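Naming: A, B, ... by sequence-line order, numbering from 1 per chain. In this text the structure is predicted, and so the values were computed from the model without any measurement.
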Amino acid sequence: MNKPYEASPVESKWQQRWADAQLYHTDLKKAKKPFYSLVMFPYPSGDKLHVGHWYNYAPADSYARFKRLQGYDVFSPMGYDAFGLPAENYAIKTGIHPMQSIGENTQTMTKQLSRIGCMYDWNRTVNTSTPEYYRWTQWVFLQMLKHGLAYKKDGNVNWCPKDQTVLANEQAQDGVCDRCGTAVVQKPMTQWYWKITEYADRLLNGLEDLEWPEKTKLMQRNWIGKSEGAEVVFPVEASADAVTVFTTRVDTIYSAAFVVLAPEHPLVEKITTKEQHKHVEHYRSEARKKTDLQRTDLAGEKTGVFTGAYVINPVNEERLPIWIGDFVLAHYGHGAVFGDAHDERDFVFAKKYDIPLKTTIKPADGKNEDAIQNLEICFSDDGILYDSDKFSGLTSAEARKKITAWLESLESGRRVVQYRLRDWSISRQRYWGAPIPVVYDPEGNPHPVPDEHLPWLLPTDVEFKPTGTAPLAQSKELVERTEKIFGKGWKPEVDTMDTFVCSSFYYLRYLAGDDLQHVIDPTTEKHWMPVSMYIGGAEHACMHLIYARFVMMALHDFGFVKHDEPFKKLVHQGTITNQGAKMSKSKGNVVSPDAFVEHHGSDVFRMYLMFMGPFTQGGDWSDTGIKGIDRFVQRIYKLCTTSVDAKAATSSAVTTKLHATIKKCTEDIERLHFNTVISALMELLNTLEGEGSVHPDVAKTLVVLLAPIAPHLSDELWEALGGKGFVLEQRWPAFDPALLVAESVVIAVQVNGKLRGQVTVPAEASQEDVYAAALEEENVAKFIDGNEPKKVIYVRGRLLNIVV
RNA sequence: GCCAUGGUGGCGGAAUGGUAUACGCGCGCGACUCAAAAUCGCGUUCUCGCAAGGGAUUGAGGGUUCGAGUCCCUCCCAUGGCACCA
């Protein structure tokens with residue numbers, strides 16, 4: 001009687017043996033074939049790991065194990081992105097210091113992570129909230145400052161009234177706070193910014209060579225939002241002032257009918273006439289009250305008011321009224337546009353306010369020409385110019401070039417490139433983050449904290465309750481420290497850094513270990529970067545994944561790293577939902593893996609998640625079917641412990657299946673299709689079970705194929721089969737293409753493309769042989785019905801189609 | 001509105017232009033058992049037929065091809081992203 005496989009004791013036994021043998025410790029210096037396998041590090045929350053964590057980490061680990069079996073020196077680290085709001089909010093609620101709760105959370109989380117059985121090298125880990133780590137966050141800031149990429153600016157910032165902090169544009173998409181969903185308001189404030197815009201072109205061009213999902217690249221391209229066009233200067237009538245506008249359609253300039261400024265535009269106050277002053281002021285104060293969300297609500301009608309002033313169109317001296325409208329964005333281009341009949345939005349705006357329009361572009365195909373000229377419909381595509389002086393008759397594309405050149409010669413315009421990307425605001429008025437290492441002299445000028453004072457410690461004598469000013473402002477210790485080092489009257493910066501700064505270079509600090517001399521030792525960086533495989537959520541497409549690229553490029557330019565892209569290959573795992581909704585604590589639909597892991601073991605649970613479907617697809621959670629994986633594990637255990645016999649013969653059918661399985665597993669793990677890897681192994685098991693007994697070599701190969709997806713079980717079986725060492729120290733099997741073809745094959749026989757029978761022939765049979773065999777088939781003969789075939793198509797080893 | 005991805009049994013899903021529905025779940029029948037669970041065997045897209053076999057079928061409709069889930073066109077639906085960017 002055979003014993004069933006008992007996962008729990010076996011799994012803890014192997015986890016202990018792996019740890020004792022330091023099996024997952026990678027010697028970075030000695031590695032000959034480095035493979036840097038990285039998953040986005042988690043926030044150490046107090047909640048237990050949920051199904052989503054397992055769905056993310058287990059397949060990533062299986063891929064890393066596969067690479068190790070293929071002979072790579074795999075480095076697979078894990079750590080914690082520990083600064084941030086949740087710990088601080090928890091502290092506000094309970095009074096427990098974030099340092100304490102984070103410390104406890106990382107401990108329990110590490111324990112839970114080890115239950116998955118991942119090959120993490122815990123000799124090198126990071127916790128972004130420790131002084132040893134954030135001294136480097138501060139160092140990066142100082143480097144940015146030194147190289148002119150960090151600056152302080154007054155301006156409107158995205159402000160979350162609930163979290164009482166500033167948000168980066170990337171964190172305030174759709175006008176709501178990405179943490180709590182509260183509507184973001186604009187608030188004037190002095191903030192530190194990093195000049196990510198200086199890297200816009202490189203961030204855009206660098207995408208081309210990255211093995212990233214096209215979708216993600218597209219999202220970054222849209223976020224950077226490069227657009228080429230022209231700047232045109234419109235002098236204000238009877239004034240020395242001028243309005244500069246940006247346009248991508250300078251070919252339409254002869255049809256310009258009006259100009260619209262953003263309500264915040266600095267010229268508004270100066271140019272507004274007495275008669276219009278009241279209306280304009282009223283409109284501006286209303287605009288200020290609106291949130292960004294309201295202002296960008298597409299359903300909302302475009303509104304505006306006339307300022308009473310006019311500009312002169314430099315190309316034809318026409319007088320155009322100046323309006324203000326809140327659909328014009330102050331921060332894009334010059335916060336001003338010209339309006340004309342060839343833009344849908346302008347067209348509607350002009351009709352609403354009875355501004356006279358004229359057309360100067362006609363469609364090349366002449367379609368709807370009358371309706372367009374009569375201003376019944378708006379033509380906004382490229383076409384042919386008319387009524388445009390010497391440019392009449394040109395196509396839009398030609399006209400754009402020539403008009404721009406002409407404007408340049410008149411000094412009334414020039415070719416420019418605009419980006420939608422804005423500089424990264426990194427200041428946060430929160431406690432639980434890396435302090436910005438800056439101090440102010442008595443005159444209020446900022447000075448960097450010199451490197452020798454790093455880490456510039458986060459003070460502990462503060463209240464966590466948000467008041468709208470930074471919590472660090474209350475720290476007596478920080479003020480005393482500043483005065484002691486820099487002198488009387490010097491004051492510390494009291495803002496902390498956005499946590500995305502911490503995570504923008506952590507992949508270097510894993511490699512650096514406890515190196516306190518360099519952010520990363522150049523030899524190690526050269527050898528190990530960029531990350532070979534980076535796995536994480538798609539929600540970071542325009543945040544972490546763009547910041548990390550920017551910081552890597554900057555560090556490259558400062559001379560600290562050789563590479564300028566951090567992540568060569570990127571994959572996003574799919575999302576696991578519950579009843580169609582994303583799992584979240586607030587919805588109360590989070591599924592805990594604990595009960596399943598306890599009952600079936602980690603291997604079964606890992607495989608079950610992988611068996612659900614392709615890794616990048618995700619899916620809706622359901623536990624029906626976990627039994628199927630459990631049966632698979634029991635059967636494979638039974639086969640390897642009771643049916644292995646050194647005297648067993650290996651049939652050619654088994655050999656063919658084995659090599660086909662090796663091929664399938666190799667290819668499908670590479671493309672992260674673990675679901676089909678598992679079904680291929682099930683098919684192989686079905687074949688082997690039909691054999692009675694199995695040769696140890698075959699069983700061992702099966703176990704190695706199983707190793708990436710079921711690490712504990714495969715080591716247990718490897719040992720049971722008398723294998724030496726750990727299964728992970730074996731080599732991934734190679735398949736022999738010659739053995740993929742069975743001795744005899746089943747050929748499908750079609751008549752006129754419809755399946756009418758099957759014949760079994762030797763693999764090397766010729767078309768004639770197969771055709772002859774097919775005619776013997778009663779059903780095939782019936783459908784040919786004595787007709788002479790017009791055509792016979794033979795696909796070797798697969799199919800014969802007889803056309804009559 | 002624009003862009004992207006997808007739509008296959010009762011369910012999760014599989015399929016280099018070449019036997020659609022692999023693998024698994026579930027379900028049905030049988031074996032073992034006093035019985036049940038577990039396990040094992042057989043069956044399981046729909047439909048007509050006792051059977052042999054026929055017909056239909058990959059969101060809908062067209063097209064290319066000896067042959068289309070796969071390629072092309074039109075449309076419908078779902079999900080994700082972007083969305084006053086001049």
Side-chain angles (χ1 to χ4, degrees), chain A residues 4 173-174 213-216 218-219 221-223 225-227 229 245-250 252 260 295-302 325-329 331-340 343-346 348-349 418-422 538-539 541-542 574-575 577 580 607-608 611-614 616-629 631-632 634-635 638 667-668 673 675-686 689 746-758 778-779 782-783 789-804:
Chain A
Q173 298 183 38
D174 305 324
E214 278 308 316
K215 206 175 108 182
T216 310
L218 189 67
M219 280 169 73
R221 284 191 191 107
N222 290 339
W223 189 255
K226 180 177 183 171
S227 77
V245 307
F246 172 72
T247 180
T248 54
R249 290 297 305 273
V250 77
T252 65
V260 189
R295 274 184 66 164
T296 57
D297 181 7
L298 266 179
E301 249 187 82
K302 316 288 169 265
D326 67 3
F327 63 94
V328 176
L329 305 170
H331 55 75
Y332 185 77
H334 296 270
V337 299
F338 74 76
D340 60 71
D343 178 279
E344 298 275 359
R345 191 190 46 203
D346 297 345
V348 173
F349 187 81
Q418 282 288 337
Y419 298 93
R420 303 168 70 168
L421 186 70
R422 289 194 265 163
E539 67 275 14
C542 294
T575 322
T577 55
M607 279 194 281
Y608 178 60
F611 194 55
M612 279 175 62
T616 53
Q617 189 181 292
D620 203 48
W621 169 256
S622 151
D623 59 8
T624 62
I626 195 163
K627 230 175 168 177
I629 300 292
R631 283 181 190 143
F632 170 65
Q634 295 298 342
R635 281 166 53 202
K638 187 177 169 193
E667 291 169 355
D668 285 359
H673 282 213
N675 54 329
T676 49
V677 172
I678 295 169
S679 56
L681 290 172
M682 285 174 169
E683 284 188 48
L684 177 61
L685 178 64
N686 289 342
E689 281 179 336
V746 178
I747 306 284
V749 182
Q750 297 182 337
V751 180
N752 290 337
K754 281 204 176 274
L755 184 68
R756 297 301 177 192
Q758 294 184 334
E778 196 185 323
N779 202 43
K782 190 173 112 195
F783 279 91
K790 277 193 207 134
K791 202 170 177 182
V792 177
I793 290 133
Y794 178 56
V795 183
R796 214 183 125 76
R798 287 192 157 271
L799 169 142
L800 183 80
N801 189 10
I802 303 164
V803 186
V804 294

Counting the atoms with a prime plus P, OP1 and OP2 as sugar-phosphate, which does A:Phe783 contact under 4.0 Å by heavy atoms, base, sugar-phosphate, or nothing? sugar-phosphate
Roughly how far apart are A:Glu539 CD and A:Thr575 OG1, rounded to 0.5 Å? 7.5 Å
Could you give the CZ-to-P distance, from A:Phe632 to B:C25, as a whole number of Å? 12 Å
Is the phosphate of B:A86 approached by A:Tyr332 (side-chain N or O, under 4.0 Å from OP1 or OP2)? yes
Those residues at least two apart in sequence (or on a different chain) that pass ring pair (Phe, Tyr, Trp, His ring centres under 6.0 Å) with A:Phe783 are none
How long is the line joining OH of A:Tyr608 and C1' of B:C23, in whole Å? 14 Å
Whom does B:A38 pair with, Watson-Crick or G-U wobble, provided both distances fall under 3.5 Å? none
Pairs satisfying salt bridge (Lys or Arg N to Asp or Glu O under 4.0 Å), at least one member in residues 792-804 of chain A, at least two apart: none
May I ask you to evaluate whether A:Arg631 reaches the phosphate of B:A38, defined as a side-chain N or O under 4.0 Å from OP1 or OP2? no
Contacts of A:Glu683 meeting salt bridge (charged side-chain N to carboxylate O under 4.0 Å, His left out) (sequence neighbours excluded), chain-then-number -> A:Lys657
Side chain of A:Thr248: nearest nucleotide among B:C23, B:C84, B:A86? B:A86
Hey, is the side chain of A:Lys226 poking within less than 4.0 Å of OP1 or OP2 on B:C85, counting only N and O atoms? no
Base, sugar-phosphate or nothing for A:Arg221? Non-hydrogen atoms, less than 4.0 Å. nothing
Give a yes or no on whether a donor-acceptor pair under 3.5 Å exists between the nucleobase atoms of B:C66, that is its base, and the side chain of A:Lys791. no
Need one value for A:Lys790: base, sugar-phosphate or nothing, where a base atom within 4.0 Å counts as base even if backbone is also close, heavy atoms only. nothing
For a quick test of your reading: what N or O donor-acceptor pairs under 3.5 Å do the side chains of residues 616-625 of chain A make, sequence neighbours left out?
unit_1	atom_1	unit_2	atom_2	d
A:Asp620	OD1	A:Thr577	OG1	2.7
A:Asp620	OD1	A:Asn578	N	3.4
A:Asp620	OD1	A:Gln579	N	3.0
A:Asp620	OD1	A:Gly580	N	2.8
A:Asp620	OD2	A:Gln579	N	3.3
A:Ser622	OG	A:Thr624	N	3.2
A:Ser622	OG	A:Thr624	OG1	2.9

Report yes if at least one side-chain N or O of A:Arg345 is closer than 4.0 Å to OP1 or OP2 of B:C85; otherwise report no. yes
Please determine, for the side chain of A:Ala748, which listed nucleotide (B:G24, B:C85, B:U19) has the closest atom? B:U19
pair_partner(B:G17), Watson-Crick or wobble, both distances < 3.5 Å, evaluates to none
So what does A:Asn779 touch, heavy atoms closer than 4.0 Å: a base, only the sugar-phosphate, or nothing? sugar-phosphate
Rounded to whole angstrom, note down the C1' distance from B:G81 over to B:G28. 46 Å
Between B:A86, B:G81, B:U19, which nucleotide has the shortest distance from any of its atoms to the side chain of A:Met219? B:G81
Interatomic distance where NZ belongs to A:Lys627 and C1' belongs to B:C23 [whole Å]: 18 Å
Think A:Lys754 has a side-chain N or O under 4.0 angstrom from the OP1 or OP2 of B:A56? yes
Check every strand shown and say whether A:Arg635 touches a base, only sugar-phosphate, or nothing at a heavy-atom separation below 4.0 Å. sugar-phosphate
Glycosidic conformation of B:G13, syn or anti, with 90° from 0 as the boundary? anti
Mate of B:A4 across any strand shown (Watson-Crick or G-U wobble, both atom pairs under 3.5 Å) is B:U79
Quickly work out the A:Gln634 CD to B:C40 P distance and round it to whole Å. 10 Å
B:G80 P sits how many Å from A:Trp223 CH2, rounded? 19 Å
Atom CG of A:Asn801 and atom CG of A:Asn752: how far apart are they, to the nearest 0.5 Å? 7.0 Å
Let's go through A:Ile629 and A:Ile678 carefully: what are the C-alpha distance in whole Å and the side-chain angles of both, what is the deciding distance for side-chain contact (heavy atoms from CB on, under 4.5 Å) to 0.1 Å, and is it a yes or a no? CA-CA 9 Å; A:Ile629 300 292; A:Ile678 295 169; 4.3 Å; yes
Distance check, P atoms only: B:G63 and B:U58, in whole angstrom units. 15 Å
How long is the straight-line distance from CD of A:Gln418 back to NE2 of A:His334, given to the nearest 0.5 Å? 6.0 Å
How close or far is atom P of B:U19 from atom CG of A:Asn752, stated in whole angstroms? 17 Å
At what distance, to the nearest 0.5 angstrom, does CG of A:Leu755 lie from CG of A:Leu799? 8.5 Å
For B:G12, what is the paired nucleotide under Watson-Crick or G-U wobble rules, both distances under 3.5 Å? B:C23
Distance between P atoms of B:G41 and B:C25 (Å, rounded): 12 Å
Output the rounded distance in Å from CD (A:Gln758) to P (B:A20). 10 Å
Sticking with atom P, work out how far B:A14 lies from B:G6, rounded to a whole angstrom. 12 Å
Taking atom P in both B:C75 and B:A4, compute the distance separating them and give it to the nearest angstrom. 15 Å
Rounded distance in Å between the P positions of B:G69 and B:U19: 10 Å
Sequence neighbours excluded, the answer for salt bridge (charged side-chain N to carboxylate O under 4.0 Å, His left out) partners of A:Arg635 is A:Glu689
What is the nucleic acid contact for A:Val746, judged by heavy atoms within less than 4.0 Å: base, sugar-phosphate only, or nothing? base
CG of A:Leu421 versus P of B:C82: gap in Å, rounded? 15 Å
Return a single string for nucleotides 4-18 of chain B, one symbol per nucleotide in 5' to 3' order, where B is base contact, S is sugar-phosphate-only contact and - is none, cutoff 4.0 angstrom on heavy atoms. --------BSSS--B
Which value, in whole Å, describes the distance between the P atoms of nucleotides B:C29 and B:G80? 42 Å
When the P atoms of B:U57 and B:C2 are compared, how many Å lie between them, rounded to an integer? 33 Å
